[in-house]
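One structure is given below, encoded as structure tokens.
Protein chains get the first letters and strands the later ones, always in sequence-line order, with residue 1 at the start of each.
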Number of protein chains: 2
Amino acid sequence: MLSIGDLSRRTGVKVPTIRYYEQMGLLAAAERSEGNQRRYERGDLERLAFIRHARDLGLDISAIRELISLSEHPNQPCADADRIASDHLKAVREKIEKLKKLEQELARIVSHCDGDHAIEDCYVIRSLSDHGLCDGEH
Amino acid sequence: MLSIGDLSRRTGVKVPTIRYYEQMGLLAAAERSEGNQRRYERGDLERLAFIRHARDLGLDISAIRELISLSEHPNQPCADADRIASDHLKAVREKIEKLKKLEQELARIVSHCDGDHAIEDCYVIRSLSDHGLCDGEH
DNA sequence: TTAAATTCCTCTAGAGACTAGAGCATTTCG
DNA sequence: CGAAATGCTCTAGTCTCTAGAGGAATTTAA
Ligand SMILES: [Zn+2]
Ligand SMILES: [Zn+2]
Ligand SMILES: [Zn+2]
Ligand SMILES: [Zn+2]
């Protein structure tokens, strides 16, 4: 039986975060010691590692909740799990595209300023005041 | 004199957001009508457009607050403004790098699953359970 | 065995950048 | 003049945690 601190050390998930996941319904409510402290076993360790890995890949809590509930029906088809992952991949790609546009615009703005003149002539300030100076939309 | 709704229509910033910016100290507290409604003039329009553009470029409230206070000292050197923009550009680039790693990993995971088998054999679920199947870190 | 050190408990609040809604007041238009 | 549109303040909710208060349980060392 592991304490919440043990679980935390073994998974790299902070103690309050573990309690938060329990509250959000990702982890089943743990058994308790006589003194009301949480006690975990191997299965909880695995599930928390699953959650952690999914979070690291950027999935949100509700997606993880779905994935967990899917994984509890091993004989069902995996189409839903596939869709969740594909949707997330799509969202990540869209985010990258947006950030790339920002990056281009910001790089252009920064390149016009050598940091060595007065604010009133500064291209950084001027281009923030006037989107007309930008190349694209954002 | 413009009402808050006029300002909103002309800048594309929603009314509650304008009030929020005032509360955060980005916009000066507006003059008021006899009936206590906010009244704006041209200068406020320009400042709000500045804020909006900076937000669209991903700068956060505190960076914008700094930029505004810098722009009120037109004769000072622009090194600080330059630094704020460069730091932000750097942060955007780092975010892109992280997302690209996620994208690769997710694309790999999704490509191993055709969505047409049982959950217990599903590569999506298995790779979430085991980071060892991943190519890189995240 | 007992005292000290560590870990644990619950609950509340805060982060960031808004957004939604309640309940009421003012302004505008026909 | 009366209805519709717009405005006001205040509170609470979004999301994923994180920090802290105040107190209880557990572990370690003397
Ligand atoms: Zn400059
Ligand atoms: Zn622009
Ligand atoms: Zn599959
Ligand atoms: Zn991984």
Side-chain angles (χ1 to χ4, degrees), chain A residues 1-27 29-40 44 48 50-68 87-88 91-92 95 98-99 102 138, chain B residues 1-27 29-41 44 48 50-68 84 87-88 91-92 95 98-99 102 138:
Chain A
M1 299 297 267
L2 305 169
S3 70
I4 197 170
D6 295 332
L7 202 62
S8 169
R9 274 182 294 276
R10 295 212 197 181
T11 58
V13 177
K14 289 182 187 161
V15 168
T17 306
I18 296 173
R19 290 195 277 247
Y20 171 74
Y21 289 156
E22 177 185 316
Q23 206 185 318
M24 293 299 103
L26 299 187
L27 283 172
E31 289 178 55
R32 299 293 180 121
S33 72
E34 282 190 15
N36 197 37
Q37 300 193 354
R38 290 170 179 82
R39 291 293 175 261
Y40 297 94
D44 299 304
L48 185 54
F50 180 98
I51 295 167
R52 164 97 211 250
H53 195 207
R55 286 292 301 131
D56 285 346
L57 286 166
L59 289 154
D60 65 20
I61 303 280
S62 74
I64 297 174
R65 206 174 356 232
E66 271 195 80
L67 287 166
I68 288 173
D87 286 355
H88 181 53
V92 167
K95 215 176 274 177
K98 275 190 192 159
L99 286 172
L102 288 195
H138 24 243
Chain B
M1 300 297 270
L2 305 169
S3 72
I4 198 170
D6 296 333
L7 202 61
S8 170
R9 274 182 293 277
R10 295 211 198 183
T11 58
V13 178
K14 287 179 189 164
V15 167
T17 306
I18 296 174
R19 290 195 277 248
Y20 172 73
Y21 288 158
E22 178 185 315
Q23 208 185 319
M24 293 298 103
L26 298 188
L27 283 172
E31 289 178 55
R32 298 295 178 119
S33 72
E34 282 189 15
N36 196 38
Q37 299 192 357
R38 289 171 179 81
R39 292 293 176 259
Y40 297 94
E41 17 188 333
D44 298 305
L48 185 53
F50 180 98
I51 294 167
R52 165 95 212 252
H53 196 207
R55 285 294 298 128
D56 285 348
L57 286 164
L59 289 154
D60 65 21
I61 302 280
S62 74
I64 297 174
R65 207 173 358 233
E66 269 195 83
L67 287 166
I68 288 173
I84 289 170
D87 286 354
H88 181 52
V92 168
K95 214 175 277 179
K98 274 191 193 161
L99 285 172
L102 289 195
H138 22 247

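A/Ile18 has its CD1 atom 17 Å from the P atom of D/dT16, to the nearest Å. Straight-line distance from the OH atom of A/Tyr40 to the C1' atom of C/dC8: 11 Å, rounded to whole Å. Atom-to-atom, CG of A/Leu26 to C1' of D/dT16 comes out at 11 Å; the value is rounded to the nearest Å. Per the geometry, CG belonging to B/Leu2 stands 15 Å off P belonging to D/dT6, to the nearest Å. In this structure, the CZ atom of A/Arg65 is 12 Å from the C1' atom of D/dC15, given to the nearest Å. Atom-to-atom, CD of B/Glu31 to C1' of D/dG7 comes out at 17 Å; the value is rounded to the nearest Å. Atom CD1 in B/Ile64 sits about 13 Å away from atom C1' in C/dC18, given to the nearest Å. The CG atom of B/Asp56 sits 14 Å away from the C1' atom of C/dC18 (whole-angstrom rounding).
In this structure, A/Arg19 does not reach the C/dT10 phosphate: none of its side-chain N or O atoms is under 4.0 Å from OP1 or OP2. Close to D/dC8, at under 4.0 Å from its OP1 or OP2, lies a side-chain N or O of B/Arg38. Under 4.0 angstrom from either OP1 or OP2 of C/dT19 there lies at least one side-chain N or O belonging to B/Thr17.
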All N/O pairs under 3.5 Å across the protein-nucleotides 24-27 of chain D interface:
unit_1	atom_1	unit_2	atom_2	d
D/dT26	OP1	A/Ser33	OG	3.0
D/dT26	OP1	A/Gly35	N	3.3

Check nucleotides 13-17 of chain C for protein N or O atoms closer than 3.5 Å to its own N or O atoms and list the pairs.
unit_1	atom_1	unit_2	atom_2	d
C/dA17	O3'	B/Arg55	NH2	3.3

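For A/Pro16, the side-chain atoms get nearest to D/dT18 when compared with the rest of D/dT18, C/dT19, C/dT7. Distances from the side chain of B/Ile4 to the nucleotides C/dT19, D/dC8, D/dC17 place D/dC8 closest. Considering only side-chain atoms of A/Arg32, the nucleotide from D/dT18, D/dT9, C/dC9 that sits closest is C/dC9.
In terms of heavy atoms, B/Thr11 sits closest to B/Leu7 at OG1-O, 2.8 Å.
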Any chance you could lay out the side-chain contact (heavy atoms from CB on, under 4.5 Å) test for B/Leu57 and A/His138, step after step, and finish with the verdict? CA-CA 7 Å; B/Leu57 286 164; A/His138 24 243; 3.6 Å; yes
Verdict with reasoning, B/Ile61 to B/Tyr21, per side-chain contact (heavy atoms from CB on, under 4.5 Å): CA-CA 9 Å; B/Ile61 302 280; B/Tyr21 288 158; 3.9 Å; yes
As a quick check of understanding, evaluate side-chain contact (heavy atoms from CB on, under 4.5 Å) for B/Ser3 and B/Arg39, giving each step before the final call. CA-CA 5 Å; B/Ser3 72; B/Arg39 292 293 176 259; 3.8 Å; yes
Show your working on side-chain contact (heavy atoms from CB on, under 4.5 Å) between A/Ile51 and A/Ile68 and close with a plain yes or no. CA-CA 9 Å; A/Ile51 295 167; A/Ile68 288 173; 4.1 Å; yes
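Between A/Asp44 atom CG and A/Ile18 atom CD1 the span is 10.0 Å, to the nearest 0.5 Å.
B/Arg55 places no side-chain N or O within 3.5 Å of a backbone atom of B/Ile64 that could act as its donor or acceptor partner. Between the A/Arg38 side chain and the A/Arg19 main chain, no donor and acceptor come within less than 3.5 Å of each other.
At a threshold of 4.5 Å between non-hydrogen side-chain atoms, the residues A/Leu48 and A/Tyr40 do not count as touching.
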